[in-house]
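Note that these values count all heavy atoms, side chains included, but never hydrogens, waters or copies made by symmetry. Throughout, numbering of the chain's residues begins at 1 and tracks the sequence.
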Amino acid sequence: TPNPLAAAEILGFDLGIMIIAGLFIGLFSALLAMRLLFFLLDRGLWKAEKDQTGEIELQVIDLPKEAPGALLSVIPIIIPIVLILSGTAYRAFYVTVPAFWEFISNKVIALLAGVIAAYIVASKSLSGKQMEKSLQKAMSSAGLVLLITGAGGSFGAIIGSTGIGD
């Protein structure tokens, strides 16, 4: 999403290091939260007679006949992460980074590679109209976030260049 990318850019962090740190902090937080939940459940937080209604509503989702498997479905997520982390790893071991490696580990190019991979994966099971509808829905959500982020960045640049903030 654009927010972590913007945060890394504004704070001057390497995005790969931020991903690795977030992975460890997220894993630690999840384990701590699970431990706390199990502790509370053992102390009687959940009582089936008052907390459980017995009614479950299931929503039926029509999947395409040739829906991709789980591994193929996560490839568009894994590709940008691997490309960004490869640039971070390369910078950790070598002083100078070749231009090609700098290019493919750039966050925008890595995300573009993920989008292209998503289109390739989706083309196996969706028709052109379905892919267009999916893209339209995704762009309407992402466009608003990008618009707000861009407007905020522009406003910040104007404030900084005019000196009004001082």
Examine distances only and state if a side-chain atom of W101 and a backbone atom of S86 form a donor-acceptor pair shorter than 3.5 Å. yes
Inter-residue atom distance T88.OG1 - M18.CE, 0.5 Å rounding: 11.0 Å
Name all pairs fulfilling the salt bridge (Lys or Arg N to Asp or Glu O under 4.0 Å) condition that reach into residues 125-147, sequence neighbours left out, sorted by first residue then second. none
Just so I know, are the side chains of L45 and F39 near enough to count as touching, which here means a heavy-atom distance under 4.5 Å? no
If Ile, Leu, Val, Met, Phe, Trp and Tyr residues are connected whenever their side-chain heavy atoms lie under 4.5 Å apart, and connections chain through other members, are L72 and I77 in the same group? no
Any chance you could measure L37, atom CG, to D42, atom CG, to the nearest 0.5 Å? 9.5 Å
Which heavy atom in T96 sits nearest to a heavy atom in Y90, and how many Å separate them? O-CE2, 3.7 Å
Roughly how far, to the nearest 0.5 Å, is the CG atom of L83 from the CD1 atom of I104? 5.5 Å
If you group Ile, Leu, Val, Met, Phe, Trp and Tyr by side-chain heavy-atom gaps below 4.5 Å, do L111 and I20 land in one group? yes
Backbone of M131 reached by a side-chain donor or acceptor of S134 within 3.5 Å: no
Tell me whether V108 shares a hydrophobic cluster with I84, the cluster being built from Ile, Leu, Val, Met, Phe, Trp, Tyr side chains joined at under 4.5 Å. no
Hey, could you give me the CG/CG distance between L15 and N106, rounded to the nearest 0.5 Å? 10.0 Å
To the nearest 0.5 Å, how far apart are CD1 in I78 and CG in L85? 11.5 Å
Check the hydrophobic clustering (I, L, V, M, F, W, Y; side-chain heavy atoms under 4.5 Å; chains of links allowed) and say if L36 and F28 are grouped together. no
S125 side chain near Q130 side chain, heavy-atom distance below 4.5 Å: no
So L31 and L27, do their side chains get closer than 4.5 Å, heavy atoms only? yes
Do you know which two heavy atoms are closest between S123 and I120, and how far apart they sit? OG-O, 2.7 Å
